[in-house]
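This report concerns only the one structure given below.
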Amino acid sequence: MIEWSPATISAFQTTLLAWFDREGRDLPWRHDHEPYHIWVSEIMLQQTQVQTVIPYYERFMAWFPTVTALAQAPESQLLKAWEGLGYYSRVRNMQRCARQLLADYEGQWPKTATELTELIGIGPYTAGAIASIAFNEPVPAVDGNAFRVFSRLLEIDADIAKPQTRSLFEKVIARIIPKDRPGDFNQAIMDLGSSYMTARNPDSAHSPVKDFNQAYLDGKELDYPVKTKKPRPVPVDYVAVLAQADGQWLMTQRPSNGMLANLWTVPLLKVADLDLAEDYLPADLELAIQTYFQQEYQLRVTGFDLGLKPVKHTFTHQKWTIQLFGAKVEQPDLAYFPGKLVSTAQLTTLPMPKVQEKIWDRYQPK
DNA sequence: AACTCGTGGCA
DNA sequence: TTGCCAAGAGT
């Protein structure tokens, strides 16, 4: 890792901000510095690309224009606003944060990163982003872009996958961030990281700060950032039961904890949870499904393999293979079932994850 | 500290 | 297909 002199730091600031003034992106959440707008955009942008976020952001602002509107919204509407974005706890935590603001902060945002971190769903990165952009506090906002950009500029060899590495980057950036324009600086780093200094095909030869990029000057750009890789997704087998009664679909709401919390799907049974031998036969599966519904939900279903190609869906850490079964529900008494019957016309009113969309598409290709 | 939590894009 | 990456936070 190299160190910059005060003169180099000053030159870097000037060059970066001049470029940002010329070529910084015009994004919907950059039209003002309202903390609510900055906050919503930052939460949406966590692990999510700008292009994906834009339409969600526009709709979210139309539906929930203020912290109060967000605090008062029914959860089903929140999840509908987030449907397809992923990491659904983000939006549930946003509502908790909105209520926290109204209850404990008199509806006024705290103005420092340290205080912002106390709010639900706001971690070190988002606190830095809001504090610097909305309140002009000279603090770093260390996201994936900042890790990548500064690791290359300064040839920082620390493993960014390790939690402790964040504090090293925060110290380094704290020395470089300009006190007069911290928000623009942090956003400029993000723009730089998504244009010239990208992860895969960087174009540093044309970067406004190429002369400051030590890794590029040394021809070692792709060696940075140093990052240990994550384990690959674990395969998990599921059975989806497309059950109908009275012309309606049997839909279930997932538990309030864990993956896809509170979203709606057809019943998804983990094959490993069914009472099956190692080398079970297709006919055994039908019986196992029937038994499962009887025991867990006191429901009589007669399932049958739809003979369709299994649906595959990969999450960050799980790779699902889902076999589709059709079913008829006899005399539906849903007292013990965590869900309800829904007409085809009403299906779209439920917040559903992408994997459910794939299941519908397999059953009824458009 | 390591693991959990979605989805889309890209080579 | 596979693997990795994209404005991370909670537990």
Side-chain angles (χ1 to χ4, degrees), chain A residues 24-25 27-30 37-57 79 82-94 96-97 116-130 132-133 140-149 159-167 169 183 185-195 197-202 222 224-225 227-236 254-263 265 312-321 351-358:
Chain A
R25 289 173 290 182
L27 300 169
W29 46 90
R30 287 184 177 176
H37 296 165
I38 306 304
W39 172 55
V40 171
S41 69
E42 292 300 342
I43 301 295
M44 286 187 172
L45 286 161
Q46 289 170 7
Q47 304 291 288
T48 311
Q49 296 184 354
V50 167
Q51 181 186 335
T52 304
V53 164
I54 290 175
Y56 281 92
Y57 176 84
L79 291 174
W82 215 261
E83 187 179 52
L85 256 192
Y87 289 145
Y88 297 93
S89 67
R90 287 185 291 177
V91 72
R92 297 194 300 139
N93 283 340
M94 281 178 78
R96 293 174 62 196
C97 179
L116 286 162
T117 307
E118 299 301 312
L119 295 168
I120 295 164
I122 297 183
Y125 162 72
T126 305
I130 298 173
S132 63
I133 299 170
V142 186
D143 67 335
N145 287 303
F147 274 127
R148 185 172 60 258
V149 167
D159 183 352
I160 67 167
K162 295 191 180 300
Q164 58 197 33
T165 302
R166 168 177 299 279
S167 65
F169 276 75
F185 178 90
N186 285 332
Q187 294 181 88
I189 294 298
M190 298 178 209
D191 282 13
L192 196 58
S194 61
S195 56
M197 297 184 67
T198 54
R200 249 166 301 189
N201 297 306
L222 294 181
Y224 297 92
K227 184 181 184 181
T228 56
K229 32 185 177 180
K230 295 177 178 172
R232 41 186 292 182
V234 178
V236 186
R254 295 178 59 83
S256 55
N257 298 320
M259 276 180 50
L260 310 175
N262 290 1
L263 294 175
T265 66
K312 288 185 180 296
H313 189 78
T314 303
F315 300 94
T316 308
H317 56 292
Q318 287 182 19
K319 180 178 179 177
W320 288 7
T321 301
M352 291 179 283
K354 283 291 173 184
V355 66
Q356 179 59 52
E357 192 175 315
K358 286 189 185 178

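Chain naming here is simple, since letters A, B, ... match the order of the sequence lines and numbering starts at 1 in each. Just so it is clear, the model here is predicted, and its values are computed rather than measured.
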- Can you give one letter per nucleotide of nucleotides 5-11 of chain C, going 5' to 3': B for a protein heavy atom under 4.0 Å from the base, S for sugar-phosphate only, - for none? SBBBSS-
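Rounded to whole angstrom, the span from the CD1 atom of A:Ile160 across to the C1' atom of B:dA1 amounts to 16 Å. In this structure, A:Leu222 places its CG atom 14 Å from P of B:dA11, rounding to the nearest Å. In this structure, A:Lys358 places its NZ atom 9 Å from C1' of B:dT7, rounding to the nearest Å. The CH2 atom of A:Trp82 sits 13 Å away from the C1' atom of B:dC5 (whole-angstrom rounding). Rounding to whole angstrom units, OH of residue A:Tyr88 and C1' of B:dT4 are separated by 16 Å. As a whole-Å value, the separation of A:Trp320 CH2 from B:dT7 P is 9 Å. The interatomic distance linking A:Leu260 (CG) with B:dT4 (P) rounds to 15 Å, in whole Å. Taking atom OH of residue A:Tyr56 and atom C1' of nucleotide B:dT7, one finds them 9 Å apart after rounding to whole Å.
Applying the 4.0 Å criterion to OP1 and OP2 of C:dG3, one finds that A:Arg232 has a side-chain N or O inside that range. In this model, the phosphate group of B:dG6 is not approached by any side-chain N or O of A:His313 to a distance below 4.0 Å at OP1 or OP2. Between B:dC5 and A:His317, a contact under 4.0 Å exists linking OP1 or OP2 to a side-chain N or O.
Each of A:Gln318 and A:Asn201 was assigned the nucleotide of DNA chain B with the nearest heavy atom; the assignment lying further toward the 5' end belongs to A:Gln318. Residue whose closest nucleotide on DNA chain B sits further toward the 5' end, between A:Gly258 and A:Gln51: A:Gly258.
Distance check on atom P: C:dC4 versus B:dC3 gives 16 Å, rounded to whole Å. Comparing the C1' positions of C:dG10 and B:dA1 gives an interatomic distance of 13 Å, to the nearest angstrom. On the P atoms, B:dG8 is 22 Å away from C:dA9, given to the nearest whole Å. Taking the P atom of each, C:dA7 and B:dT4 are spaced 24 Å apart, rounded to whole Å. To the nearest whole angstrom, the two C1' atoms, one in C:dC5 and one in B:dG6, are 14 Å apart.
Residues that satisfy the ring pair (Phe, Tyr, Trp, His ring centres under 6.0 Å) test with A:Tyr57, not counting sequence neighbours, are A:Trp29. Not counting sequence neighbours, the partners of A:Gln47 by the side-chain contact (heavy atoms from CB on, under 4.5 Å) test are A:Tyr87. Shown here are the ring pair (Phe, Tyr, Trp, His ring centres under 6.0 Å) partners of A:His313, two or more places apart in sequence or in another chain: A:Phe315. A search for side chain to side chain donor-acceptor pair (under 3.5 Å) contacts involving A:Asn145 returns A:Asp143, A:Arg148, not counting sequence neighbours. Remark: A:Arg232 pairs with no residue by the salt bridge (Lys or Arg N to Asp or Glu O under 4.0 Å) rule, at least two apart or across chains.
No donor-acceptor pair under 3.5 Å is formed between the side chain of A:Tyr224 and the backbone N or O of A:Val149. No donor-acceptor pair closer than 3.5 Å links the side chain of A:Arg90 to the backbone N or O of A:Trp82. Remark: side-chain polar atoms of A:Lys312 are not paired, donor with acceptor, to backbone N or O of A:Lys319 under 3.5 angstrom.
A:Lys312 comes within 4.0 angstrom of nothing in the nucleic acid, heavy atoms only.
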